[in-house]
S.K.: 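Just dropping this structure here.
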Amino acid sequence: MAGRRGARSGRGWDAIPPRPPRDDSPDRDSPARGRRRARSAEAADRPAEPPKSESELAREICLRQLAVRPRTRAELAKVLTRKEISEEVIAEVLDRYDEVGIIDDAAFARAWVSSRHQGRGLARRALANELRQRGVDAEVATEALETLDEDEEAATARALVDRKLRTATGTPDQVFRRLVGMLARKGYPAGVAIRAVKDTLAARDAEAAEFADQIDADAMADHEIDSSS
């Protein structure tokens, strides 16, 4: 009976041998582990890359900036200064970029004038201010602005007014003042702005036409110029 009890309890001749402890760790000789060891050994054997020179860093910074949008020489110089690149290296890198045409302030100015006038309806005065903020030389900016003539500027002003007038509300006087103010903020001279709004109001309806007929554009423009002096 004792033997049977031992057999039933697993302590006798038919007892199941104990299982070895389970090894949950990954196979040390697995292919993935072997590849990792090989890569680690290769990295350890690879010589360390030498630190980049200041010129190389400057060129990388410039190319990252130019990948976003075209930049003027002054804009790039400002970024490089902020990154603590020396003045000598800044001049060296930017001179080279000028030489090969990677940066071209004249081309930048012409493209800026065309894009901002057509896209935002900006007049020459506003465009000149934007080019100055971006460090474009005054002579270069003037040449770019000469591509925009007075007739084109006046036509753009009338188109802006016509578009705004479609949804404008209020009395003719209120509408007139808002539209002239809108054109002034876009850089249009007082005379151009007042004439554009007057002409557009005259074609709107009888009340607006009567109001427009009373406007002396030249006198108002002279008054605006005197007030700003």
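We use all heavy atoms of the structure for the numbers below, so side chains are in, but hydrogens, waters and symmetry mates are not.
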S.K.: Could you tell me whether Glu143 and Arg110 have a side-chain N and a carboxylate O separated by less than 4.0 Å?
M.R.: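 Arg110 and Glu143: not salt-bridged.
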S.K.: Do you reckon Leu76 sits in the same ILVMFWY cluster as Trp112, going by side-chain contacts under 4.5 Å, direct or chained?
M.R.: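 Leu76 and Trp112: separate clusters.
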S.K.: Taking C-beta and beyond as the side chain, do Leu160 and Lys186 meet within less than 4.5 Å on heavy atoms?
M.R.: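 In contact.
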S.K.: Is it true that Glu99 and Arg96 have a side-chain N and a carboxylate O under 4.0 angstrom from each other?
M.R.: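 Yes, this pair counts.
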S.K.: Look only at the side chain of Arg125 and the backbone of Tyr188, and say whether a donor-acceptor pair between them is shorter than 3.5 Å.
M.R.: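 Here the side-chain-to-backbone pair exists.
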S.K.: Hey, are Asp98 and Arg73 close enough for a salt bridge, meaning a charged N less than 4.0 Å from a carboxylate O?
M.R.: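 Yes, Asp98 and Arg73 are salt-bridged.
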S.K.: Measure the OG1-CZ distance between Thr200 and Arg163 for me, rounded to the nearest 0.5 Å.
M.R.: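 Interatomic distance, Thr200 OG1 to Arg163 CZ, rounded to 0.5 Å: 11.5 Å.
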S.K.: Gln174 side chain to Thr171 main-chain N or O, any donor-acceptor pair under 3.5 Å?
M.R.: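 The answer is yes, because a donor-acceptor pair under 3.5 Å joins these two groups.
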S.K.: Go through it in stages, so that I can follow the logic: the residues are Thr156 and His117, the test is side-chain contact (heavy atoms from CB on, under 4.5 Å), and I'd like the CA-CA distance, side-chain angles, deciding distance and then a yes or no.
M.R.: CA-CA 8 Å; Thr156 302; His117 178 72; 2.8 Å; yes
S.K.: With side chains defined as the heavy atoms from C-beta onward, is the minimum distance between Arg69 and Glu75 less than 4.5 Å?
M.R.: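 Yes - at least one pair of side-chain heavy atoms lies under 4.5 Å apart.
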S.K.: For the pair Thr147 (side chain) and Ala144 (backbone), establish whether a donor and an acceptor sit closer than 3.5 Å, ignoring hydrogens and angles.
M.R.: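 Checked: pair present.
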S.K.: Taking Asp162 first and then Arg158, would you say they form a salt bridge - that is, a charged N and a carboxylate O separated by under 4.0 Å?
M.R.: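 Salt bridge flag = no for Arg158 with Asp162.
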S.K.: In terms of hydrophobic clusters joined by side-chain contacts under 4.5 Å, are Leu145 and Leu183 together?
M.R.: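 Per the 4.5 Å side-chain linkage, Leu145 and Leu183 are not co-clustered.
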S.K.: Checking side chain to side chain contact (heavy atoms under 4.5 Å, CB included) against Gln133, which of Asn129, Leu131, Val136 comes through?
M.R.: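 Result: among Asn129, Leu131, Val136, Asn129 is the only option passing the side chain to side chain contact (heavy atoms under 4.5 Å, CB included) with Gln133.
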S.K.: Whether the side chain of Glu210 engages the backbone of Glu207 through a donor-acceptor N/O pair (distance < 3.5 Å, no angle test) should be reported.
M.R.: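 Such a contact is absent between Glu210 side chain and Glu207 backbone.
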